[in-house]
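Here's the structure, in structure tokens; my notes come after.
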Amino acid sequence: MKRLGLSNRQRLRHREEFSAVFAQRARSGDQNLLIYAKPNHLGVTRIGLSVSRKHGNAVVRGKLKRWIRESFRLLQHELPEGLDLIIIPVNAEKASFKNYYKSLKKLVNKLSKRFQDS
RNA sequence: GAAGCGGGUCAGGCGAUCGCUGCAGGGAAUUUUCCCUGGAGAGGAAAGUCCGGGCUCCUCAGAACACGGUGGUGGGUAACGCCCACCGUCCGCAAGGAUCGGGAAAGUGCAACAGAAAGUAUACCGCCUUCGCAAGAAGGUAAGGGUGAAACGGUGCGGUAAGAGCGCACCAGCAGAGCAGGCAACUGCUUUGGCUAGGUAAACCCCGCCGGGAGCAAAACCAAGCAGGAAGAAGUGCGAUCUUGUAUCGCCGCGGAUCUGUUCGAUCUGUUACCACUUCCGGGUAGGUUGCUAGAAUUGGCGAGUAAUCGUCAAUCCAGAGAAAUGAUCGUCCGCGACAGAACCCGGCUUAUCGACCCGCUUCCUUU
RNA sequence: GCGGGUGUAGCUCAGUGGUAGAGCACCACGUUGCCAACGUGGCUGUCGAGGGUUCGACUCCCUUCACCCGCU
């Protein structure tokens with residue numbers, strides 16, 4: 001059985017890492033999520049989260065982050081390796097764990113394909 | 001049983017699987033880290049940041065004035081603008097609730113419109129007297145009318161030309177004195193006085209009390225890294241020392257900085273200037289460790305106190321992240337789960353909140 | 001996390017306890033062959049929300065909501 005852990009090494013932790021991903025300007029989105037991506041050549045896919053205050057109070061924002069993190073944890077072995085991702089929720093009213101799970105899978109594969117083509 | 005008042009507790013539970021963040025033990029590696037086991041892991045408001053402290057730094061913070069805060073009395077507390085008890089005022093049949101609640105006979109100011117007049121008063125209509133044929137004029141008056149949010153005590157008798165605390169009686173209110181109760185705020189009674197003193201201090205102000213500034217993005221250490229530039233004021237003063245100098249120390253004068261503002265005062269520093277200091281412009285870093293959780297702590301017993309709270313004994317250790325930890329899926333039960341997420345830590349206040357339960361009390365109805 | 005500030009007409013802002021104002025915009029009329037400009041007249045506010053003090057509150061006091069700025 002594959003491990004489904006999520007450690008510190010799989011997360012973006014510093015300002016430069018976030019800035020670098022945003023600077024790549026490779027993004028993809030749907031009704032649920034907006035994802036920025038950048039190849040990192042580490043062999044590990046890392047994520048960072050950014051949740052606007054517009055989506056609600058601290059309880060709502062924390063819930064959105066947990067859902068996204070949980071989706072990533074469950075999907076990490078199906079997703080391509082060696083990417084830095086920044087995931088931003090778009091519409092908090094329609095949000096649910098299942099929507100995030102589906103969107104994440106679809107959008108990351110789309111972005112990965114784009115990097116392989118180029 | 002109905003309606004209501006006050007206070008308190010809880011904040012979905014249980015089970016399975018996969019995960020997250022510290023801690024303890026063990027193992028692998030020995031720089032990061034990884035694995036196993038055990039145990040812990042958001043709130044009553046964690047919120048707003050409205051007050052008060054602890055803690056840290058700032059050349060220890062003094063006096064007067066200013067400025068800001070606070071405001072019944074007594075108590076509690078580390079402290080408070082908080083809490084408790086009591087007093088006064090207002091509301092409620094009551095249980096109870098509300099209350100920025102010192103001073104208006106220190107001073108100044110304000111009160112639009114209306115009204116005669118908005119405060120050391122005054123007189124529109126009216127009433128009375130005199131003059132006049134009359135219209136009206138002069139004088140007296142503030143009981144009646146009218147205006148206004150507010151108009152200089154009320155009732156009765158006397159008195160008068162008409163009236164008026166003008167006189168008297170009672171009542172209300174004010175001031176002084178005495179007695180009684182209370183630590184006090186204050187309350188009750190008696191007596192004397194002059195007959196009346198209006199409102200507003202969340203207007204200025206007066207009085208009492210309190211207040212140094214910044215804040216964990218405080219602060220300390222380690223590592224990494226950069227680039228400096230411009231401007232500025234005031235003695236060749238006096239004394240001492242010996243190494244006889246653009247020397248050191250002291251005193252005086254002067255300049256600068258800090259002590260929120262001013263004055264005094266204090267401390268530091270400079271005084272012919274290389275350095276340094278102050279001001280301005282510019283440049284670099286944005287990593288790690290500590291601070292970081294054992295505390296005005298929690299629970300229980302006993303004691304003091306009307307209570308807030310305090311004392312004492314015993315037991316317990318109860319989140320410490322750092323782009324930031326509590327979730328996902330499934331089963332099951334019920335009342336189908338509100339407001340809402342720690343970021344240095346406490347004490348309060350305020351605001352948000354689906355409900356459930358418990359305790360005490362009031363009024364009314366019924367039955368006994 | 002901490003500190004500071006602002007809410008008044010559609011927009012930008014004034015406002016000393018006593019009926020809420022200015023400029024721009026908008027509407028109507030005039031002017032013009034038409035438009036602009038100009039002139040005349042008009043429209044527009046629960047003064048961010050809720051309490052309190054006061055006879056009376058945009059203004060004073062308390063609570064609250066929203067927004068903006070600064071500090072590493």
Side-chain angles (χ1 to χ4, degrees):
Chain A
M1 171 137 204
K2 283 180 182 173
R3 288 185 23 72
L4 293 171
L6 185 67
S7 71
N8 266 343
R9 285 196 297 181
Q10 289 168 269
R11 286 188 277 166
L12 298 181
R13 305 197 57 165
H14 302 298
R15 186 183 294 274
E16 313 89 77
E17 296 171 342
F18 274 80
S19 302
V21 176
F22 281 123
Q24 187 78 12
R25 304 195 61 78
R27 64 179 183 203
S28 178
D30 63 7
Q31 288 182 335
N32 301 307
L33 296 174
L34 177 65
I35 300 181
Y36 283 79
K38 178 183 181 297
N40 64 9
H41 311 296
L42 290 175
V44 179
T45 293
R46 305 188 295 179
I47 63 166
L49 303 171
S50 177
V51 183
S52 165
R53 274 188 65 193
K54 288 177 194 167
H55 293 314
N57 58 31
V59 173
V60 173
R61 298 200 302 272
K63 191 172 67 182
L64 297 180
K65 286 201 237 178
R66 289 188 206 110
W67 281 345
I68 295 166
R69 243 194 322 269
E70 180 72 9
S71 304
F72 178 78
R73 186 179 69 80
L74 295 172
L75 279 168
Q76 59 182 303
H77 295 293
E78 303 177 36
L79 296 176
E81 292 185 340
L83 287 175
D84 282 347
L85 306 173
I86 292 175
I87 304 174
I88 301 167
V90 175
N91 192 340
E93 288 169 16
K94 294 181 186 170
S96 71
F97 169 71
K98 286 182 178 173
N99 284 342
Y100 284 162
Y101 185 89
K102 289 181 207 159
S103 294
L104 184 68
K105 190 173 181 179
K106 187 179 75 188
L107 293 171
V108 172
N109 282 321
K110 202 166 146 191
L111 283 163
S112 176
K113 210 170 186 179
R114 194 186 298 175
F115 286 122
Q116 284 170 2
D117 292 346
S118 63

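Computed from heavy atoms alone, side chains included, the values below leave out hydrogens, waters and symmetry copies. Proteins get letters first, then strands, A, B, ... in listed order; numbering begins at 1 in each.
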Mind checking who [N] pairs with, Watson-Crick or G-U wobble, both distances under 3.5 Å?
| N | result |
| --- | --- |
| B:C20 | B:G41 |
| B:G337 | B:C334 |
| B:C86 | B:G72 |
| B:A304 | B:U309 |

TODO: Name the residue closer to the 5' end of RNA chain B, choosing between A:Phe22 and A:Gly62 according to the nucleotide with the nearest heavy atom.
DONE: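 Nearest nucleotide further toward 5': that of A:Phe22.
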
- [ ] Specify the residue among A:Ser50 and A:Ala58 whose closest nucleotide of RNA chain B lies further upstream toward the 5′ end.
- [x]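 Its nucleotide being nearer the 5' end, the pick is A:Ser50.
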
- [ ] Could you tell me whether the phosphate oxygens of B:A324, OP1 or OP2, come under 4.0 Å of any side-chain nitrogen or oxygen in A:Arg69?
- [x]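 Checking B:A324 against A:Arg69, a side-chain N or O does come within under 4.0 Å of OP1 or OP2.
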
Task: Any A:Asn57 side-chain nitrogen or oxygen under 4.0 Å from OP1 or OP2 of B:A47 - done: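 Answer no for this pair, as no side-chain N or O of A:Asn57 is under 4.0 Å from OP1 or OP2.
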
What are the atom names and distances for every N/O pair under 3.5 Å that joins the protein to nucleotides 63-70 of chain C?
none

Open item on the list: Under 3.5 Å for both pairing distances: what stems, at least three Watson-Crick or G-U pairs long, include RNA chain C?
Closed with: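 Stems found: C:1-7 with C:65-71, C:10-13 with C:21-24, C:26-30 with C:38-42, C:48-52 with C:60-64.
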
Can you pull every protein N or O that's under 3.5 Å from an N or O on nucleotides 327-331 of chain B?
unit_1: B:G327; atom_1: N2; unit_2: A:Glu70; atom_2: OE2; d: 3.3
unit_1: B:G327; atom_1: N2; unit_2: A:Arg73; atom_2: NH2; d: 3.3
unit_1: B:A328; atom_1: OP1; unit_2: A:Trp67; atom_2: NE1; d: 3.0

TODO: Taking only the side-chain heavy atoms of A:Lys65 (C-beta and beyond), determine which of B:A324, B:A340, B:A323 contains the nearest atom.
DONE: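 Nearest listed nucleotide: B:A324.
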
- [ ] Give the rounded distance in Å between these two atoms: CD of A:Gln76 and P of B:C18.
- [x]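 A:Gln76 atom CD is separated from B:C18 atom P by 15 Å.
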
Open item on the list: Distance check needed: B:A324 P versus A:Arg61 CZ, whole Å only.
Closed with: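 Taking CZ of A:Arg61 and P of B:A324, I get 14 Å after rounding.
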
